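Everything on this sheet refers to the single structure shown next.
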Amino acid sequence: MMIRTLIQTTILSTSLLVPSMALAQDDVQVQTTDLGHGLYMLATDQAGNVGILVGEDGVFMIDTQYERLAPLIDHAQREISGQDVELVLNTHWHGDHVQGNAYFAERGAVIAAHHTVRERLTHPQTSHLLGSTAEPLAGAFLPSLNLGDHFTITMNGQTADIVHTPTAHTDGDLFIVFEEANVIHAGDLLFSGMFPYIDLDTGGTVEGYIAGMEAIIARSDENTKIISGHGPLSTRADLEASVAMLREGKARVQALVDQGLTLAQIQEANPLADFHEDWNWRFITTERMTTTLYRDITGRLE
Ligand SMILES: [Zn+2]
């Protein structure tokens, strides 16, 4: 697929933290946000947010979105760096974070991820919550650098501290702390202002997810710029709000489980009703969040 012509460049919006610029193409836009120290967030409304670190040592990219969007993402990073991507890190195995891998690998990038990601990607993965199965990937889509639980990359004057959080959103989540820049890429440990997807079928748990968010909070201060997996550029306060919502939501569902209610009865009682307006979204609805909490607590599907 050729890199298509850039249709327009516009100033779209100004975030709370820093000015942003958007590249528009057909109906998909890449919004580029300069975080300082050679770090940028590249966002579309289609898939997981991308982070890049640009400098003399080359381009380090975190997550690659979908295959069809990879040329657009590459175009956006080239506008900044003028070069190919050197190193890709996947925060976890989900398709909206890894399907652009082959595009960048074929242009010379090394693909890195937690070692469980390669194992997940080479076998079918079924989600009971979504009612769908992700088919295996092969060849250039797969990570070739399979990381352990703690890893440091020094590049472009920045130290990237890469931390595995077991049993969180999946079993292979990494978050990345850029210490000098005070920037963190949270991967899907942060769905900012939205109910999170906790993938119980591939090793995620609610307590592990909360522990993962708390691990990021522990590495943050009030000035830390946090690239969410989904949603806007965020702050520690967004993580704290998400932790509080999940803890309260889990306690409410737990109380109904303790009374002996079935999943259907709990859905009917709708214990998350007052979270609906602020946290419900098209992918993780209030009903799906309730189902996730029930299944996590009981270990049962119904
Ligand atoms: Zn995900």
Side-chain angles (χ1 to χ4, degrees), residues 41-51 61-70 73 88-101 111-137 141-143 147 162-176 184-213 215-216 226-234 238-239 242 246 279 281-285 288-289 291-293 295-296:
M41 171 171 157
L42 308 180
T44 69
D45 61 355
Q46 309 276 307
N49 293 323
V50 172
M61 175 176 279
I62 300 166
D63 286 343
T64 60
Q65 298 211 348
Y66 290 123
E67 193 170 15
R68 66 187 162 81
L69 298 177
I73 295 293
V88 163
L89 179 74
N90 296 138
T91 58
H92 62 293
W93 75 269
H94 284 154
D96 59 325
H97 300 257
V98 306
Q99 286 178 357
N101 284 358
I111 312 293
H114 190 255
H115 63 83
T116 55
V117 169
R118 188 180 170 96
E119 293 160 25
R120 291 280 177 203
L121 288 177
T122 49
H123 298 88
Q125 303 294 334
T126 297
S127 167
H128 289 98
L129 188 72
L130 307 181
S132 62
T133 298
E135 295 305 325
L137 295 175
F141 285 97
L142 300 176
L147 307 178
I162 299 165
V163 182
H164 176 231
T165 56
T167 67
H169 169 67
T170 65
D171 58 2
D173 301 286
L174 301 174
F175 72 85
I176 303 92
I184 295 177
H185 194 308
D188 278 1
L189 293 174
L190 180 58
F191 285 74
S192 191
M194 298 176 264
F195 283 135
Y197 178 33
I198 300 175
D199 187 352
L200 304 179
D201 296 304
T202 67
T205 66
V206 173
E207 282 307 313
Y209 194 89
I210 290 170
M213 286 194 286
I216 298 174
I226 300 174
I227 301 174
S228 58
H230 297 269
L233 187 66
S234 298
D238 296 305
L239 279 163
S242 192
L246 261 187
W279 298 87
W281 62 298
R282 60 185 155 77
F283 182 49
I284 302 300
T285 59
R288 278 182 167 172
M289 190 75 250
T291 298
T292 298
L293 292 167
R295 289 178 177 170
D296 180 78

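Every value quoted in this text rests on a predicted model; they were computed, and no experiment measured them. Order of appearance sets the numbers: ligands from 1, and atoms from 1 within every ligand.
- With respect to Ile111, the side chain to side chain contact (heavy atoms under 4.5 Å, CB included) criterion is satisfied by exactly one of Asn90, Leu142, Val117: Asn90.
- Within the protein, the N, O or S atoms lying under 2.8 Å from the Zn ion (ligand 1) are His92 NE2, His94 ND1, His169 NE2, Asp188 OD2.
- Applying the side chain to side chain donor-acceptor pair (under 3.5 Å) test between Asp63 and each of His97, His185, His94 identifies His97 as the sole match.
- Tyr66 has its side chain within reach of Asp96: a pair of non-hydrogen atoms, C-beta onward, lies under 4.5 Å apart.
- In terms of the side-chain hydrogen bond (donor to acceptor under 3.5 Å, both in side chains) criterion, residue partners of Ser228 (sequence neighbours excluded) are, by chain and number, Asn49.
- Counting heavy atoms from C-beta on, the side chains of Thr91 and Ile62 come closer than 4.5 Å.
- Put simply, the side chain of Val98 reaches to within 4.5 Å of the side chain of Leu137, judged on heavy atoms.
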